[in-house]
2 protein chains.
Amino acid sequence: MTGEEPLDGVDARLLLALADEPRAPVMALAQRLGLSRNTVQARLAKLDRRGVLHSFERRIDPAALGYPMSAVITTRVTQRRLEEVADVLREIPEVVEVDGLSGETDVLVRVVAVDADDLYRIAGQVLASPGVERTSTALVMQKLVGHRLAPLLRRAAGESPEGE
Amino acid sequence: MTGEEPLDGVDARLLLALADEPRAPVMALAQRLGLSRNTVQARLAKLDRRGVLHSFERRIDPAALGYPMSAVITTRVTQRRLEEVADVLREIPEVVEVDGLSGETDVLVRVVAVDADDLYRIAGQVLASPGVERTSTALVMQKLVGHRLAPLLRRAAGESPEGE
DNA sequence: CATCCACTGAGCAATATGCCCAGTCAAACC
DNA sequence: GGTTTGACTGGGCATATTGCTCAGTGGATG
């Protein structure tokens with residue numbers, strides 16, 4: 001038991017197929033991959049049992065939801081209060097993602113907003129959070145590359161990731 | 001024709017239901033929302049016709065794919081070469097997302113890596129891209145809040161977003 | 001009052017699902 | 001060598017789901 005087996009090429013191909021047709025029935029996927037229905041079903045089940053799949057929310061476009069504005073707020077947090085700050089940020093609905101970064105005690109906060117005023121308000125909330133020392137807000141002007149994993153999936157699908 | 005209608009409460013509830021059970025059959029969703037099967041089918045179809053849904057790739061966990069390391073590379077780009085830089089970055093498989101930010105000509109690059117050496121190599125590639133002046137790499141140490149939209153969806157589901 | 005739109009409820013043929021089982025095959029194990 | 005394990009196949013079967021169409025209802029619009 002290694003505790004965590006990497007996905008193999010078949011899994012990668014399955015994920016690629018799903019990327020193409022997310023709501024495709026299992027049968028369709030099976031045909032596409034040249035596998036039996038049973039196998040695909042088993043793989044699929046294993047995939048989300050293993051937690052390979054994130055929440056569906058990731059697929060939803062905030063812009064379509066009415067929040068066309070997106071920004072990245074870099075914040076400096078007083079030491080040891082990271083969890084505390086995270087808890088506070090979690091309470092702000094417009095906070096979409098929070099990462100703890102390496103340098104010192106930096107936190108990267110992704111927020112969405114309805115408009116500039118809204119963003120100003122939210123940035124204010126973030127700054128006002130106890131434990132937050134300094135913030136720097138940068139607007140996302142354009143998505144140059146939308147979140148993607150296909151290149152890595154294709155790599156994984158191409159060769160067997162076996163040790164030898 | 002306004003050209004872009006915001007989602008209404010029903011859409012939001014549908015998305016929430018999907019967030020809970022991504023592969024739920026339409027029938028199950030219909031029952032859950034207290035709507036007819038026909039309606040849910042129509043809504044669903046409309047949702048992705050409108051582009052409300054991002055690619056399925058967003059749901060895949062890079063860590064499970066064999067890239068447990070994640071980093072944010074902030075780069076400074078020489079003016080007017082944004083698109084050019086984006087094109088180059090797009091060629092690097094480990095580059096997962098690229099945003100053009102407001103301040104000056106800053107670009108936020110999200111990368112994943114197999115390990116520290118791998119990250120070093122990738123960061124080097126980014127820096128070596130023509131048009132990139134300066135980079136600063138920060139490791140993602142912990143996901144404090146994973147990408148989420150549920151709070152905003154719940155808000156949208158709660159009240160009618162009608163003007164009056 | 002006529003029209004448009006979203007939703008409902010129903011029907012129907014074709015397909016998919018969930019589940020179970022037996023058999024194959026290769027790699028790992030004793 | 002002999003065996004066990006794990007993954008995949010192919011089959012079957014009852015039930016649920018899909019895709020599609022049609023008719024009818026109720027509200028909102030002009």
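Letters go in sequence order (proteins before strands), and every chain restarts at 1. A quick note: this is a predicted structure, and the numbers were derived from the prediction, not measured.
- A:E94 places no side-chain N or O within 3.5 Å of a backbone atom of A:V112 that could act as its donor or acceptor partner.
- Taking the side chain as every heavy atom from C-beta outward, A:L65 and B:L149 approach each other to under 4.5 Å.
- Here the P atom of nucleotide D:dT9 and the CG atom of A:L29 are 14 Å apart, to the nearest Å.
- For A:R59 (side chain) and B:H54 (main-chain N/O), a donor-acceptor pair under 3.5 Å exists by modelled atom type.
- Salt bridge B:D20/B:R32: present, at least one basic N to carboxylate O contact under 4.0 Å.
- For the helix from C:dC1-D:dG30 to C:dC21-D:dG10, the rotation axes defined at the first and last 5 base pairs enclose an angle of 40°, given to the nearest 10°.
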With the criterion being N/O to N/O and under 3.5 Å, what pairs connect the protein with nucleotides 26-29 of chain D, and how long is each?
none

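- B:L44 has its CG atom 13 Å from the C1' atom of D:dT18, to the nearest Å.
- Classification of B:D87 and B:R81 as a salt-bridged pair fails, no side-chain N sitting under 4.0 Å from a carboxylate O.
- Phosphate contact (OP1/OP2 of D:dT9, side-chain N/O of A:S36, threshold under 4.0 Å): present.
- Remark: B:D115 does not engage B:R121 in a salt bridge, criterion side-chain N to carboxylate O under 4.0 Å.
- For the pair B:R58 and A:D61, the salt-bridge criterion is not met [side-chain N within less than 4.0 Å of a carboxylate O].
- Distance A:R43 CZ to C:dG18 P: 18 Å, rounded to the nearest Å.
- Of the possible polar contacts, none joining the A:D11 side chain to the A:L7 backbone as a donor-acceptor pair under 3.5 Å is found.
- Where A:G34 and A:R23 each meet DNA chain D at their nearest nucleotide, the meeting point lying more 5' is that of A:G34.
- By the 4.5 Å heavy-atom criterion applied to side chains, A:T75 and A:V77 are counted as neighbours.
- In terms of heavy atoms, B:A17 sits closest to B:L33 at CB-CD2, 4.3 Å.
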Please tabulate, one pair per line, each protein N/O and nucleotide N/O from nucleotides 10-16 of chain C that are separated by under 3.5 Å, including the distance.
unit_1	atom_1	unit_2	atom_2	d
C:dA10	N6	B:N38	ND2	3.1
C:dG11	O6	B:R37	NH2	3.0

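- Residue A:Q41 places no side-chain N or O under 4.0 Å from the OP1 or OP2 atom of C:dT17.
- Between B:L33 atom CG and C:dC7 atom C1' the separation is 13 Å, expressed in whole Å.
- Judged by distance alone, the side chain of A:S129 and the main-chain N or O of A:V132 form no donor-acceptor pair under 3.5 Å.
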